[in-house]
Amino acid sequence: MIPVVSLITDFGWRDEYVASMKARMLNLLPGLRFIDISHDVPPQDVRAGAWLLGRAVDSFDRGTVHLAVVDPGVGTDRRSIAVASRGAFFVAPDNGLLDRILDDVEEAVCLDPKRVQSRTQRTLSPTFQGRDLFAPAAARLAAGERLRDLGDPVTDFVRLNWKNELVGTEIRSEVVWVDHFGNLITPIRAADLDRLSTPLSVVVGDRRIEGLSQTYGEVENGEVLAYIGSGGTLELARRNGSLERYLGAGRGEKVTVTGATE
Amino acid sequence: MIPVVSLITDFGWRDEYVASMKARMLNLLPGLRFIDISHDVPPQDVRAGAWLLGRAVDSFDRGTVHLAVVDPGVGTDRRSIAVASRGAFFVAPDNGLLDRILDDVEEAVCLDPKRVQSRTQRTLSPTFQGRDLFAPAAARLAAGERLRDLGDPVTDFVRLNWKNELVGTEIRSEVVWVDHFGNLITPIRAADLDRLSTPLSVVVGDRRIEGLSQTYGEVENGEVLAYIGSGGTLELARRNGSLERYLGAGRGEKVTVTGATE
Amino acid sequence: MIPVVSLITDFGWRDEYVASMKARMLNLLPGLRFIDISHDVPPQDVRAGAWLLGRAVDSFDRGTVHLAVVDPGVGTDRRSIAVASRGAFFVAPDNGLLDRILDDVEEAVCLDPKRVQSRTQRTLSPTFQGRDLFAPAAARLAAGERLRDLGDPVTDFVRLNWKNELVGTEIRSEVVWVDHFGNLITPIRAADLDRLSTPLSVVVGDRRIEGLSQTYGEVENGEVLAYIGSGGTLELARRNGSLERYLGAGRGEKVTVTGATE
């Protein structure tokens, strides 16, 4: 078993920040492998990071350690946590970033810098705990250390609210992520749509889309479509174009799905 | 022998898409190593992706598996292929993306989702076959499975046309790639230029360049030069600046090389 | 011991350049591991690259090989060097890029293409020595070859000047790096500030900051602060925002720290 640490941050690619975390982990466990999920979470946007993390985790093997750092509260008294959930480990600030895996928590601790850092003997930077606390915690979990070695148990967590309400024959929701292609992604699952009667129509901004497609090829170039995306939730796209640019819509934009009235 | 998979896509770095493909491959072959060639192929631009792939492959060892996904036709009836060429393997949609290695095909198959996926037991997303079909096919080839285990033989392929015509004492061509430094790259090989008599002159946009240089240092700062680049074809650049920005020229811009009339 | 090569360049992520260097290194040493520090050094900006390299190296283990390529003089007669310093190896053009580790040089050679390339039998591109000279040199050092096998000893180097002057009760310096969050980073170390009497005030552009903070949480959202950053030098930031955008300030912007007059 080759230990794998995935990384998801808002650090971008320009600076040495991501490499410093990886180097610090290799100090502790030279055989470690890294998979970068994304470092392009919008700066300080915990909600966007939480959504992306939720999309990514299911592709990874059991035993993976997911290191997530979007941390506007670094240096305040917000807690740092490590969590076992769905057979994997997660290390992050306790600010909602792990929201999408917290319903399945098996065990969780509040990271204790003294216990996490015992081997590395470095000081804890008040502005970069990704390198000085989260990275060593992730490496130690990847090395097989137990959660309870890193801190005391914790059972309550900061949670987020994903707007996704059924009201009459409507689901009222919003865009939670815009991908590289300009596709607009919502938190509405296929199972949510099953609660409405077909035919469905989707409204985003001033645009109405009638019915769901299976794939882009079902509409003409430049046309707008709605479909269940690879992450299992409703997405809106423009074939061979960017719906984000076409509509001028982004994260937070209202999305309404309306079913038939019976 | 440590198996290596290279990746070239138009997925960008913002989303979980690349990581999902890597995670899926690690599910099948935990010892696999990845080298990212680029995820910044312009969205849906098969031609640009094909060019970049052709530039990259020769640096890699025999036995490397190259996973290429620029796939505007995902979910339509376009075929998915795996190809052995030049001692390496290539997995991609059959849309021209592999054009530059198809003259040397040793063996090729049309991927059969049922055979590729037999071990993974996942459904095939109609919008993300990179993760659900191409990635497992690449991992299985890296693990030593044979092409014929993944599908039935195929011998005809979608091809591209690289504009590069000799007309009298002129070669008429175009810019096929613009690099990070703003250098303009053409498909004109050194051998093509040998068919013209020196001295040569190159015209791009409203700019004429007399003669070829060996390296940037032969001209003054800010001056424009033409040279055979590291990929073996004619490139145009501005010393310590971006020729793209200087000329306002990009992919598709006409380039004409004129030889002496004898 | 698993050999690690770190990479820092101005090549960006769009092209095959970085992958070509990695592939060339894997040709020579298949077990090699890579950590990308950054490929977003501003094009041809040796000074910015040197700063970033200095920030990154201390997180890495002894024995790491750092491959650094920001090389506006490629193809001219500037020298190529390999250096042992602080227990690690460095391969780079001799243009100042290694400035921040040159005070601790243990051994250094001027790379001799004939000796570096003896095994690879490739020609030396006059425009891409990162791939054809620096990468094989790095791989050979990672494989345990000695510096003296790659070239003849060298003891003088191109150096840079980091503006950081104590004048009376003032330190006069400048912004040397702007990070992904828009934080402005200076070369002023904590020890430099100890030479001034408190209270300190910092001026950048038309903005004055009174006193140093420990972390972002000590000021209100949107407020500006000064603190010793994770790299050990004075940084200026705006809480939950970009100070770069807020002030319209970037690299080279003057920064003055004034101590109390006694």
Side-chain angles (χ1 to χ4, degrees), chain B residues 1-4 6-8 10 12-13 31 33-42 48-49 51-64 66 88 177-183 185 213-219 221 225 227-232 235 237-242 245, chain C residues 2-3 5 7 9-34 36 38-46 69-78 93 95 120 122-136 139 180:
Chain B
M1 188 65 197
I2 301 168
V4 172
S6 90
L7 296 99
I8 180 168
D10 63 348
W13 293 94
R33 301 202 44 189
F34 304 112
I35 301 289
D36 296 291
I37 295 176
S38 177
H39 301 293
D40 291 330
V41 173
W51 182 260
L52 191 65
L53 180 73
R55 278 174 75 92
V57 294
D58 286 339
S59 295
F60 285 85
D61 282 311
R62 293 178 65 81
T64 300
H66 299 284
W177 185 261
V178 181
D179 80 4
H180 173 71
F181 297 98
N183 302 335
I185 298 173
S213 301
Q214 290 290 317
T215 192
Y216 311 117
E218 291 175 25
V219 304
N221 261 343
L225 69 154
Y227 58 99
I228 299 296
S230 61
E235 301 186 9
R238 184 173 187 231
R239 187 178 176 195
N240 288 335
S242 164
R245 272 203 301 273
Chain C
I2 301 167
V5 171
L7 296 100
T9 77
D10 63 348
F11 293 172
W13 293 94
R14 188 199 302 180
D15 308 294
E16 85 289 0
Y17 301 140
V18 172
S20 294
M21 292 200 301
K22 291 177 178 172
R24 203 58 69 84
M25 289 189 268
L26 289 180
N27 299 160
L28 293 168
L29 188 59
L32 201 49
R33 302 201 44 188
F34 304 113
D36 296 292
S38 177
H39 301 294
D40 290 330
V41 173
Q44 281 108 22
D45 191 330
V46 172
V69 190
V70 178
D71 194 11
V74 64
T76 67
D77 59 1
R78 68 102 185 87
N95 59 10
T120 58
R122 302 205 187 224
T123 56
L124 184 65
S125 161
T127 54
F128 192 11
Q129 298 190 358
R131 180 189 67 188
D132 294 344
L133 181 64
F134 297 120
H180 173 70

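Residue numbers begin at 1 in each chain, while the letters A, B, ... track the order of the sequences.
- The contact between Asp10(C) and chain B is made by backbone and side chain atoms together, counting heavy-atom distances below 4.5 Å.
- In plain terms, the two heavy atoms of Gln214(B) and Thr127(C) that are nearest each other are O-CG2, 4.0 Å.
- In this structure, Thr215(B) contributes its side chain and Pro126(C) its backbone to a donor-acceptor pair below 3.5 Å.
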Trp177(B) and Asp15(C): CA distance, side-chain angles, deciding distance, side chain to side chain donor-acceptor pair (under 3.5 Å) verdict: CA-CA 9 Å; Trp177(B) 185 261; Asp15(C) 308 294; 2.6 Å; yes
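- At a 4.5 Å heavy-atom cutoff, the contact between Ile2(B) and chain C is made by side-chain atoms alone.
- Closest non-hydrogen pair, Ile37(B) versus Ala19(C), comes out as CA-CB, 3.7 Å.
- For chain C, the nearby parts of Val178(B) are the backbone and the side chain; heavy atoms of each come within less than 4.5 Å.
- The two residues Arg24(C) and Ser59(B) have their closest heavy-atom pair at NH2-OG, 3.6 Å.
- Leu53(B) does not touch chain C: none of its heavy atoms, backbone or side chain, sits under 4.5 Å away.
- A 4.5 Å side-chain heavy-atom check between Ile35(B) and Leu26(C) finds at least one atom pair inside the cut-off.
- Qualifying salt bridge (charged side-chain N to carboxylate O under 4.0 Å, His left out) partners for Arg55(B), counting only residues two or more places apart in sequence or in other chains: Glu235(B), Glu16(C).
- Of the listed residues (Arg131(C), Arg33(C), Lys22(C)), the one with the most heavy-atom contacts under 4.5 Å to chain B is Arg131(C).
- Only the side chain of Tyr17(C) comes within contact range of chain B, judged by heavy atoms closer than 4.5 Å.
- With sequence neighbours excluded, no residue forms a salt bridge (charged side-chain N to carboxylate O under 4.0 Å, His left out) with Asp179(B).
- Taking CG of Asn221(B) as the start and CD of Gln44(C) as the end, the distance is 9.0 Å to the nearest 0.5 Å.
- In this structure, chain B has heavy atoms under 4.5 Å from both the backbone and the side chain of Val74(C).
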